[in-house]
Amino acid sequence: MNKNLLLSICLILVVTLGFAQTKEELEAQKAEKQAQADKFKAEADALQAQIDALPGWRVGAFGTIGGSLSNFNNWYAQGAPNNQSGTIGITTNAFANLIKEKFFWRNSLNTNFNWTKLDNKDIDTDSDKFEPTTDVFNINSLYGRKLSEKWAVSGMLEYRTTVLNNFNDPGYLDLGIGFTWTPITDMVVVIHPANYNFVFSSGDTVFDSSMGAKIVADYTRQIGKVNFKTNFSTFQSYEDSNLSNWTWINSFAYTLWKGIGVGFDFGLRSNRQEAANFQGTSLENADNKIQSYYTVGLSYNFSN
């Protein structure tokens with residue numbers, strides 16, 4: 001009996017040690033293959049960096065599509081038991097950049113459109129249509145002649161307005177010259193001390209054009225399956241600080257399958273002229289609260 005027990009224990013130890021040895025061997029093989037994979041990935045990334053540095057056009061676009069629809073019938077727990085509601089939103093971040101040895105021409109487009117519907121089926125005074133609630137349109141064109149690897153003398157045009165409602169009322173057109181700094185790949189900083197901010201509006205409003213400085217910082221990059229863009233644009237008026245404004249827009253997109261994934265966009269803005277116009281008061285008395293929006297939904301990605 002004791003002899004059989006001893007043999008059983010020895011057999012179990014041999015089998016256990018055999019499995020342990022096999023596991024250690026597999027882990028060692030995995031570590032070796034992982035080291036090779038890391039090496040090949042680093043080489044591939046270095047080759048991609050050389051490709052990205054070649055002169056020529058770079059174009060691409062990504063954004064977010066979000067929406068929801070609902071229908072209630074006899075849902076008495078809420079104030080409007082019979083209603084239909086929904087939201088539809090779409091954002092776009094597109095670029096077309098020409099990079100040459102001695103100059104560059106960078107063009108970008110940012111839009112954010114959103115429609116909302118709330119139809120109370122028990123009354124006839126509300127609208128059963130999708131009404132625009134978010135309306136952002138911004139286009140930018142920057143041309144620069146390189147002075148060095150990181151600095152260039154540049155000129156820029158930037159136009160911002162709404163499209164779905166009150167097109168070009170107000171509308172903002174910035175024209176300026178100065179310098180562009182590219183401290184790292186994919187980051188562009190525009191410093192234009194000579195810039196004129198044209199403001200278009202109808203009727204007798206608080207909107208005024210003025211001379212000032214334009215500063216734009218943009219970082220757009222794709223890391224694996226993640227697309228990321230942050231853009232900060234500000235105009236600082238030399239004539240009146242109440243005519244200054246700034247806008248900060250951020251976009252994220254994670255690709256899950258064939259360019260489709262999940263995305264998130266949010267924006268912040270400060271513009272005293274817009275606040276005063278909406279409130280029907282003077283620039284000095286306007287309550288200039290921070291404006292904001294965000295969109296969450298499916299994302300899309302097209303790049304070349």
Beyond-backbone contact of N97 with F104, side-chain heavy atoms, under 4.5 angstrom: no

Side chain to side chain donor-acceptor pair (under 3.5 Å) partners for N245, two or more places apart: none

By salt bridge (charged side-chain N to carboxylate O under 4.0 Å, His left out) - contacts of D135 (at least two apart): none

Side chain to side chain contact (heavy atoms under 4.5 Å, CB included) between I249 and F266, intermediate numbers included: CA-CA 6 Å; I249 297 175; F266 75 91; over 6 Å; no

pair T111-V136: side-chain heavy atoms closer than 4.5 Å: no

Apart from W248 itself, residues in the same hydrophobic cluster as defined by side-chain heavy atoms under 4.5 Å: F232, W246, L268, I290

Whether over 12 other heavy atoms sit under 6.0 Å from D124 CG: no

Spacing of CG belonging to N110 relative to CG belonging to N112, to within rounding of 0.5 Å: 7.0 Å

Partner residues of K146 under the salt bridge (charged side-chain N to carboxylate O under 4.0 Å, His left out) criterion, sequence neighbours left out: none

Side-chain touch S233/E158, heavy atoms, less than 4.5 angstrom: yes

Close side-chain approach of V216 to M156, heavy-atom, < 4.5 Å: yes

Gap separating the OG atom of S154 from the CH2 atom of W181, nearest 0.5 angstrom: 14.0 Å

Least distance between heavy atoms, L109 atom then F137 atom: CD1-CE1, 3.7 Å

Under the side chain to side chain donor-acceptor pair (under 3.5 Å) test, residues paired with S141 that sit two or more places apart: W105, N107

Listed partners of Y159 passing ring-ring contact (aromatic ring centres under 6.0 Å, His included), at least two apart: none

Side chain to side chain donor-acceptor pair (under 3.5 Å) assessment of S251 paired with N93: CA-CA 8 Å; S251 300; N93 295 282; 3.0 Å; yes

Working for side chain to side chain contact (heavy atoms under 4.5 Å, CB included), residues L142 and T180: CA-CA 9 Å; L142 172 68; T180 295; 3.8 Å; yes

Q273 side chain reached by N242 side chain, heavy atoms, under 4.5 Å: no

Side-chain (R160) to main-chain (L173) donor-acceptor, under 3.5 angstrom: no

Candidate list F228, Y294, F62, test ring pair (Phe, Tyr, Trp, His ring centres under 6.0 Å), partner F252, passing option: F228

Step-by-step side chain to side chain donor-acceptor pair (under 3.5 Å) determination, T230 to D218: CA-CA 6 Å; T230 181; D218 183 278; over 6 Å; no

Heavy atoms from other residues, nucleotides or ligands near CD of E101 exceed 12 (cutoff 6.0 Å): no

I88 side, atom CD1; T134 side, atom OG1 - distance, nearest 0.5 Å: 12.5 Å

Partners passing side chain to side chain donor-acceptor pair (under 3.5 Å) against E131 (at least two apart in sequence or in another chain): S127

Nearest heavy atoms of S209 and V199, plus distance in Å: OG-N, 2.9 Å

Test side chain to side chain contact (heavy atoms under 4.5 Å, CB included) applied to K121 and N71, step by step: CA-CA 10 Å; K121 292 181 285 186; N71 182 79; 3.2 Å; yes

Pair K258-I260, side chain to side chain contact (heavy atoms under 4.5 Å, CB included): steps then yes or no: CA-CA 6 Å; K258 293 186 177 181; I260 305 299; 5.6 Å; no

Separation between CD of Q279 and CZ of R272, rounded to the nearest 0.5 Å: 9.0 Å

Heavy-atom neighbours of I177 CD1 exceed 12 at 6.0 Å: no

Minimum side-chain heavy-atom gap I90-T64 below 4.5 Å: no

Partners passing side chain to side chain donor-acceptor pair (under 3.5 Å) against T185 (at least two apart in sequence or in another chain): none

Shortest non-hydrogen contact from T162 toward N165: OG1-O, 2.5 Å

Check: L164 and W115 side chains under 4.5 Å, non-hydrogen atoms: yes

Candidates V188, V189, I184 - the one meeting side chain to side chain contact (heavy atoms under 4.5 Å, CB included) with Y219: I184

Gap between atom CD1 of I65 and atom CG of L298 - 0.5 Å precision: 7.0 Å

Intermediate values then yes/no, side chain to side chain donor-acceptor pair (under 3.5 Å), K225 and N301: CA-CA 10 Å; K225 296 182 178 182; N301 175 32; over 6 Å; no

Shortest non-hydrogen separation from Y300 to T91 and the atoms involved: OH-O, 2.8 Å

ring-ring contact (aromatic ring centres under 6.0 Å, His included): pairs with one or both residues in residues 192-215, sequence neighbours excluded: Y196-F198

Exceeds 12 heavy-atom contacts within 6.0 angstrom, atom CZ of F179: no

Partners passing ring-ring contact (aromatic ring centres under 6.0 Å, His included) against Y293 (at least two apart in sequence or in another chain): none

Salt bridge (charged side-chain N to carboxylate O under 4.0 Å, His left out) pairs, two or more places apart, involving residues 261-270: R269-E274

Test salt bridge (charged side-chain N to carboxylate O under 4.0 Å, His left out) applied to D174 - qualifying residues, sequence neighbours left out: K214

Separation of L283 CG from D240 CG (nearest 0.5 Å): 7.0 Å

More than 12 heavy atoms of other groups within 6.0 Å of E149 CD: no

Heavy-atom closest contact (A213 atom, Y238 atom, distance): CB-OH, 3.5 Å

Under 3.5 Å side-chain donor-acceptor pair for S201 and D169: no

Intermediate values then yes/no, side chain to side chain donor-acceptor pair (under 3.5 Å), N285 and S282: CA-CA 5 Å; N285 295 325; S282 64; 3.1 Å; yes

Closest heavy-atom pair and its distance - T161, N168: OG1-N, 2.8 Å

Shared hydrophobic cluster, L243 / M211 (ILVMFWY, side-chain heavy atoms < 4.5 Å): no

Test item: W151 and T182 side chains (from C-beta on) under 4.5 Å apart, heavy atoms: no

